[in-house]
Amino acid sequence: MKHYWLMKSEPTSFSIDDLANRRKQIEPWDGVRNYQARNFLQAMQKGDQAFFYHSSCAIPGIAGIVEIIKTAYPDKTAFDPLNHHYDPKSTLNKPKWFCVDVKLVEKFTQLITLETLKKQPYLRSMRLLQKGNRLSVLPIILQEWETILSLIR
DNA sequence: GCCAACGTTGGC
DNA sequence: GCCAACGTTGGC
């Protein structure tokens, strides 16, 4: 069974346009340094889809859809001392952090803004909208997925 | 830039 | 194991 997710990225560091401009429109979703988010990454299966969410920017919101094309494998950025996400506690033998590969499925012609999401009664219980939620990777239930897509379809 | 809400760290 | 201090996230 296919599962749905939401993955956050700050567009100033990596936006949906950056993904669109990648060769094959594929990118490793690395740099996640939170255990809960990591566990969600590890639960992802090939073929799962995720909303690409732009966070910490002028207009936060969902910019499009990506598909998981490679399941979790060790995040190389944790091994690189020069990388901003370097973590000496993650080793080749015992990797602590993981990433998946995503491929662009669709960039929405119009951003589904956080403001819009908040207005939807059916989305009130959505994890993304809960107070204090800071998870950069989180699950979306099918009903929420479809409700969100209905906003632009 | 502010600040609430978390997560992590480290002394005890 | 507790908890204060600190760091980070992310909306505003």
Side-chain angles (χ1 to χ4, degrees), chain A residues 3-22 27-44 48-68 71-102 104-152:
Chain A
H3 289 92
Y4 298 93
W5 309 92
L6 180 141
M7 302 166 91
K8 298 180 187 173
S9 181
E10 297 185 21
T12 49
S13 63
F14 188 74
S15 72
I16 197 159
D17 287 324
D18 294 327
L19 179 59
N21 290 328
R22 285 289 194 269
E27 183 78 0
W29 201 273
D30 54 24
V32 172
R33 296 293 178 266
N34 169 285
Y35 288 110
Q36 233 185 315
R38 181 204 64 184
N39 294 343
F40 286 138
L41 284 178
Q42 291 181 312
M44 289 178 176
D48 284 0
Q49 294 200 327
F51 286 130
F52 191 129
Y53 182 88
H54 282 173
S55 67
S56 293
C57 54
I59 308 173
I62 299 171
I65 296 173
V66 297
E67 183 168 322
I68 313 306
T71 54
Y73 60 99
D75 180 347
K76 290 190 191 74
T77 64
F79 306 139
D80 177 6
L82 297 180
N83 193 286
H84 181 246
H85 296 290
Y86 175 57
D87 182 357
K89 289 180 189 159
S90 186
T91 63
L92 283 168
N93 284 337
K94 234 187 164 189
K96 189 171 150 191
W97 303 115
F98 289 78
C99 61
V100 297
D101 283 354
V102 302
L104 183 65
V105 171
E106 175 184 358
K107 179 193 167 183
F108 297 152
T109 50
Q110 202 184 346
L111 188 79
I112 305 174
T113 66
L114 177 61
E115 191 189 4
T116 299
L117 294 174
K118 282 181 173 171
K119 284 183 191 157
Q120 311 306 318
Y122 287 129
L123 298 178
R124 221 171 278 154
S125 59
M126 212 182 151
R127 205 148 172 176
L128 175 75
L129 303 182
Q130 301 314 305
K131 196 176 177 183
N133 170 66
R134 304 183 310 167
L135 271 183
S136 63
V137 178
L138 44 91
I140 297 270
I141 62 176
L142 180 60
Q143 188 184 3
E144 293 164 349
W145 181 269
E146 288 175 344
T147 300
I148 291 167
L149 282 183
S150 75
L151 300 172
I152 52 155

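Convention: sequence-line order gives letters A, B, ...; per-chain numbering from 1.
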query: So A:Trp5 and A:His3, would you call those rings parallel, tilted or perpendicular, with 30° and 60° as cut-offs?
result: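 Tilted.
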Tell me: [atom1] of [X] to [atom2] of [N], nearest whole Å?
| X | N | atom1 | atom2 | answer |
| --- | --- | --- | --- | --- |
| A:Glu115 | C:dG10 | CD | C1' | 16 Å |
| A:Glu10 | C:dG10 | CD | P | 7 Å |
| A:Asn133 | C:dG11 | CG | C1' | 12 Å |
| A:Ile59 | C:dG10 | CD1 | P | 18 Å |
| A:His54 | C:dG10 | NE2 | P | 13 Å |
| A:Leu6 | C:dG10 | CG | P | 10 Å |
| A:Lys89 | B:dT8 | NZ | P | 10 Å |
| A:Leu135 | C:dT9 | CG | C1' | 10 Å |

*Is there a side-chain contact (heavy atoms from CB on, under 4.5 Å) between A:Glu144 and A:Leu123 once you walk through the steps?*
CA-CA 6 Å; A:Glu144 293 164 349; A:Leu123 298 178; 4.0 Å; yes
Any Lys/Arg nitrogen of A:Arg38 or A:Asp75 sitting under 4.0 Å from an Asp/Glu carboxylate oxygen of the other? no
Is A:Lys76 paired with A:Asp30 through a side-chain N to carboxylate O contact shorter than 4.0 Å?
no
Residue set satisfying side chain to side chain donor-acceptor pair (under 3.5 Å) with A:Trp29, at least two apart, ordered chain then number -> none
**OP:** Apply side-chain contact (heavy atoms from CB on, under 4.5 Å) to A:Asp101 and A:Tyr73, showing your working.
**Re:** CA-CA 9 Å; A:Asp101 283 354; A:Tyr73 60 99; 2.5 Å; yes
Pull out every protein N or O sitting under 3.5 Å from an N or O of nucleotides 1-7 of chain C, one pair per line with the distance.
none

